2 protein chains.
Amino acid sequence: MRIVIDGMGGDNAPKSNVEGVVNAIKEYNVDLIITGDKKLLEEEFSKYEFDRSKLEIVNTTEIIENEDKPVKAIRSKKDSSMVVALNLVKEGRADAVISAGNTGALLAGGLFIVGRIKGIDRPCLCPAIPNVKRGMTIIADGGANADCKPKNLVEFAAMSDIYARKVLGHKNPKLALANVGIEEGKGNDLVKKSYEELKKLDLNFIGNIEARDVINAYTDIIVCDGFTGNILLKSAEGVAMSVMGLLKETFMSSTKGKMGALLLKEDLKKLKSFMDYSEYGGAPLLGVNGGVIKAHGSSNSLAIKNAIRQGIRFSEGNVIESIKEFIESYGKENDDNKNDKE
Amino acid sequence: MRIVIDGMGGDNAPKSNVEGVVNAIKEYNVDLIITGDKKLLEEEFSKYEFDRSKLEIVNTTEIIENEDKPVKAIRSKKDSSMVVALNLVKEGRADAVISAGNTGALLAGGLFIVGRIKGIDRPCLCPAIPNVKRGMTIIADGGANADCKPKNLVEFAAMSDIYARKVLGHKNPKLALANVGIEEGKGNDLVKKSYEELKKLDLNFIGNIEARDVINAYTDIIVCDGFTGNILLKSAEGVAMSVMGLLKETFMSSTKGKMGALLLKEDLKKLKSFMDYSEYGGAPLLGVNGGVIKAHGSSNSLAIKNAIRQGIRFSEGNVIESIKEFIESYGKENDDNKNDKE
């Protein structure tokens, strides 16, 4: 097994990427490839002592920036650290790619370079958000597909269920549909139709969940279209960050507040780290023919190392084979139903 | 001008409703009607001294509960405090109704009893959420319509613009579309098409906004379908409440934490009250033929009084007439366009 890391992607690249790679080699004894400016990378790696036989550096001359248009960047920057890394997965020379770079470009590259698994209509991005039980709740789809059909949500559900079992170690993950109310029959047309389909599957589908309760850990997986997933995630993120800001402002506005904040410094740090999305590794793109994991843009070395661990588990868990098995059985089931009707 | 209050709606009814009514009469010298169990209401009112000539009590014998199915409740509980109040608006005996009761029932009642303004396809609910500038951001639609067309979003934009000017006193309210990115061309089909339509209107349309920035007060109004609006609002609400809970837990987990929290007690209270949605009055249902204002279910007397003030401004601001003018000019504009094409 080999994992490839986009060495130039992310706000803290290549420094954090290199440190994350070194720590992953030490901790997991895994074979890694890193793509990027070889001279720059060698310089960074020279700061560390580790087993160099576990590392291959692939030199690349271009970088996809955050401002680049995704599809155009993937097509024109053929020698970018991201595109070269994606090609290594496509060619089977790596099992998974980790990138903290341009999200849209990675999604486009996952689709156009690595390619969809046959039978999957739309791959989905599965970020996770922290919940009050100090666990993580997966959002499927977290933003890859703005317009969806019920068939897509069925795929998101099945794929994220497999991911939760094989990579995150959930025994029997609970799935719920993001909705405006918990009763069956609530919601928009997409959700109502998807509810009917999800009931038929062999999944631990618990029904609807309101956005207010996503953080309360009533479910392990939230199934939704990518537009809704993005709104849900970003709204939560915005409020969490703003509340931390307001808290700081409130504390700093009086002497008593400052004293109190000093006493609470460690506790507040803990709270902040709990709400810091970058501490929780990456989001996999499920439904493409290889491991593609998006690490947070502001990933530090810990986040990179965690994303590499996700890549290892993704590969060891045979996620792609399981998705293929689902497609076969689901397709067969639907064919059986058709035959029944005939 | 007269405003009618659903005396039995809300978690703290009729106590908070009565106190809110008394305080509104004292402060705004307004004529009010309250619907509900007359004996119970008289008992509550007997605790206060105020100008009784400003108050009319209309006796009702039924109550719509939170658990009741909205449309069924409106149709079957004809003598409920909510239905009777809505009928007073329909008959022109009151300009606006305030209710803290069952949201779905009030929306259904607004539609079926008070009725749509001719030319408005879908009325929208416009709650507001606090932003970091200590102001409020309006969400249009905040949950009345799960499936929408671009025409609906255009109506939501125009109506909420009028509401922001006439009731909230904004000089030139900024409007933005809730979206997954700020660039034009981003988002789902509905948002892309609505963007095109909104550009054509005589509104201060500033483009797209990401859910993460809703709280940052970059815009005064967020335009979206009701499904998205609900997800956005509830996700923010859930996180705000959970963070307060986590904060408390964090503080209480150590002696140092407890001491710090004691010092910060007043500051934390301020923060909590900032995030408490119930302190900010009610959400109007725009597009029906009268003022219909949904107060928060857990409204205290201050929230009821604030909602009554909203009702007064709604009536004084001639919101309905302005909406009718918009329909006329917008319809005309569209007719002109048609003629141009012919």
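Chain A is the first sequence line, chain B the second, and so forth, proteins listed ahead of strands; every chain is numbered from 1. From a predicted model like this one, the values you see are computed outputs, not experimental measurements.
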Within a reach of under 6.0 Å around NZ of A:Lys193, are more than 12 heavy atoms found that belong to other residues, nucleotides or ligands?
-> no

Taking the side chain as C-beta and beyond, is there a heavy-atom pair between B:Phe227 and A:Val191 under 4.5 Å?
-> yes

The interface call for B:Val214 against chain A, heavy-atom contacts under 4.5 Å, is neither

Under 4.5 Å from any heavy atom of chain A - which part of B:Asn145 = neither

Hey, is CD1 on A:Ile182 packed in by over 12 heavy atoms from elsewhere, all under 6.0 Å?
-> no

Is the number of heavy atoms from other residues, nucleotides or ligands under 6.0 Å of B:Lys151 NZ greater than 12?
-> yes

Taking every heavy atom of B:Ser235 against every heavy atom of A:Leu232, the minimum-distance pair comes out as OG-O, 2.8 Å

Part of A:Asp189 within contact of chain B (heavy atom distance under 4.5 Å) | both

For atom NZ of A:Lys199, is the number of surrounding heavy atoms from other residues, nucleotides or ligands below 6.0 Å larger than 12?
-> yes

Based on non-hydrogen pairs under 4.5 Å, which of A:Gly187, A:Ala211, A:Ala146 is most in contact with chain B?
-> A:Ala211

A:Thr228 OG1 to B:Asp225 CG distance, which is reported to the nearest 0.5 Å | 7.5 Å

Using a cut-off of 6.0 Å, state whether more than 12 heavy atoms not belonging to A:Lys149 lie near its atom NZ.
-> no

For B:Val239, the option from A:Val239, A:Ile129, A:Val243 that meets side-chain contact (heavy atoms from CB on, under 4.5 Å) | A:Val239

What's the shortest heavy-atom distance between A:Asn230 and B:Asn179, and which atoms?
-> OD1-O, 4.2 Å

